[in-house]
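Structure record follows, encoded as structure tokens.
These values consider heavy atoms only, across backbone and side chains, with no hydrogens, waters or symmetry-generated copies. Predicted model, so just to flag it, every value in this text is computed and none were measured. A note on names: the letters A, B, ... follow the listed sequences, proteins ahead of strands, and every chain is numbered from 1.
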Number of protein chains: 2
Amino acid sequence: MRQAGAGLAAASTPARGRGDGGQASGSTREKILDVALDLFTDQGFDGTSMREIAGRLGITKPSIYYHFASKEDILLALHTRTHELSKAALSRLASQPLTLHTWGSALDELLDPMAAHRKLFLMHDRNQAAVEKLHRKDHEDEHDDFQQRLQQALADPSLSLRDRVRMACSLGAVFGCLFTAGDAFGDVPGAELGSLVRDAVRDLMTGRSAAQA
Amino acid sequence: MRQAGAGLAAASTPARGRGDGGQASGSTREKILDVALDLFTDQGFDGTSMREIAGRLGITKPSIYYHFASKEDILLALHTRTHELSKAALSRLASQPLTLHTWGSALDELLDPMAAHRKLFLMHDRNQAAVEKLHRKDHEDEHDDFQQRLQQALADPSLSLRDRVRMACSLGAVFGCLFTAGDAFGDVPGAELGSLVRDAVRDLMTGRSAAQA
DNA sequence: GTCTATAATGTGATAGAC
DNA sequence: GTCTATCACATTATAGAC
């Protein structure tokens, strides 16, 4: 019910400065983000027009450009949010040597923010193409993207194919249960769902056909 | 190497009749499907223009309209292919009472065509929004879509939440290993990858924290 | 902070020659 | 079966009034 409807808080890039420190900014900006999150998820980033976002809010197109410099800027704001939510887990993953165990720990840490902000991560997942396009533009230097960092770990040549498959499957299990399932678990609290997924992933990582070290 | 580059064979909707039974049609049509598969996967359906597809083939936009009635028709042709590849497994799933065991069997059957045609299913997965839009138009009656049938099973109220989570995780594990991993397993033969995933899913479904019946 | 225009561009799709 | 030329339309984005 209070899943992620109005819980985007402050995080993103103002089209104009606001004077104050940039606390909880105008509520219109957050309404835009909330509506965009819904529409980008259901229809895709490219399949959603500014006019449609504005229409849902009862305002007009140019009003949005007062709060965001461009359509991509809206996506960037949402992407930044997922980035910050996954930052901690990804940093820990990068600070340790990559093993089946450290991967499991990082995934475990990642599970909480993902379960708590399913909608946000689902949008991110369903719009990989658009997000990647963003990254190519903004900073072609080091873009420590969510998906990219994980995929990089999965391709680590120092691990056996068997282990890498386990890692990919565990990641997929988390994603799949939280996202692919669609609205199948829409009314299940994030904490409960997270707990059940945690058990499943543990079996996956410690099963009798699993790793040895 | 010979993953799914030119292996789309015959399956879809000709813009014009061809006279003969509709065997292996002109090779241009299949080249279009191959290029579209790549571009739709990388840039998304909406992010890919007809001009771009034509450009890669060294032809022009209108030439494509000789082979396909519309851009959506290209997507439909690709979608139909995935539908046929998953038809058998989904039918078996629907013909049996839904349990953890029958789910596992169906998933096991589904794993083979998915591993053998990763690119095709990846495209389908990355363009859910566009595919769903197709379904709303073409036949608003009974659209037995791939994703939809699976999600429907995951929402079955006769099963416990615990079991449903297991099912979603196992499905996600398959998807995740085959798709989310990106190119991490790009050079691994489908059969080998499928075998490893099979083992992982088995652990997931029979783990000590798993079901009871 | 929101509005009414309107510019500038790219897109899907068609007509008709060859 | 492929081309050149073009239409009709939607989109992002901006200018400027209030």
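- When the P atom of D/dT14 is taken as reference, atom CZ of A/Arg51 falls 20 Å away, rounded to whole Å.
- Between the CD1 atom of B/Ile74 and the C1' atom of C/dA13 there is a distance of 12 Å, rounded to whole Å.
- Protein atom CG of B/Asp46 is 13 Å distant from nucleotide atom C1' of D/dA10, rounded to whole Å.
- Among the nucleotides D/dT14, C/dT14, C/dT11, the one closest to any side-chain atom of B/Tyr65 is C/dT14.
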Please list, pair by pair, any protein nitrogen or oxygen found under 3.5 Å from a nitrogen or oxygen in nucleotides 2-6 of chain C.
unit_1 : atom_1 : unit_2  : atom_2 : d
C/dT2  : OP2    : A/His67 : NE2    : 2.9
C/dC3  : OP2    : A/Thr60 : N      : 2.6
C/dC3  : OP2    : A/Thr60 : OG1    : 2.6
C/dC3  : OP2    : A/Ser63 : OG     : 2.6
C/dC3  : O5'    : A/Thr60 : OG1    : 3.3

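- As rounded to whole Å, 15 Å separates atom P of D/dA10 from atom NZ of A/Lys71.
- Note: NZ (B/Lys137) to P (C/dG12) measures 13 Å, nearest angstrom.
- For A/Ile64 and D/dT14, the CD1 to C1' distance is 15 Å, given to the nearest whole Å.
- Summarising the geometry of B/Val165 relative to A/Leu193, their closest heavy-atom pair is CG2-CD1, 3.8 Å, with the distance given to 0.1 Å.
- Judged by the 6.0 Å distance and 45° axis criteria, B/Lys71 is positioned over the aromatic ring of B/Phe45.
- For A/Phe146 and A/Phe121, the gap between ring centers is short of 6.0 Å.
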Validation: residues 53-61 of chain B side-chain donor-acceptor distances under 3.5 Å, sequence neighbours left out:
none

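- Taking both residues in full, the closest heavy atoms of A/Trp103 and A/Ala153 are given as CZ3-CB, 3.8 Å, listed atom of the first, atom of the second, then distance.
- Straight-line distance from the CD1 atom of B/Ile53 to the P atom of C/dA13: 11 Å, rounded to whole Å.
- Residues B/Asp38 and B/Lys119 are paired through a salt bridge, judged by an N-O separation under 4.0 Å between the basic side chain and the carboxylate.
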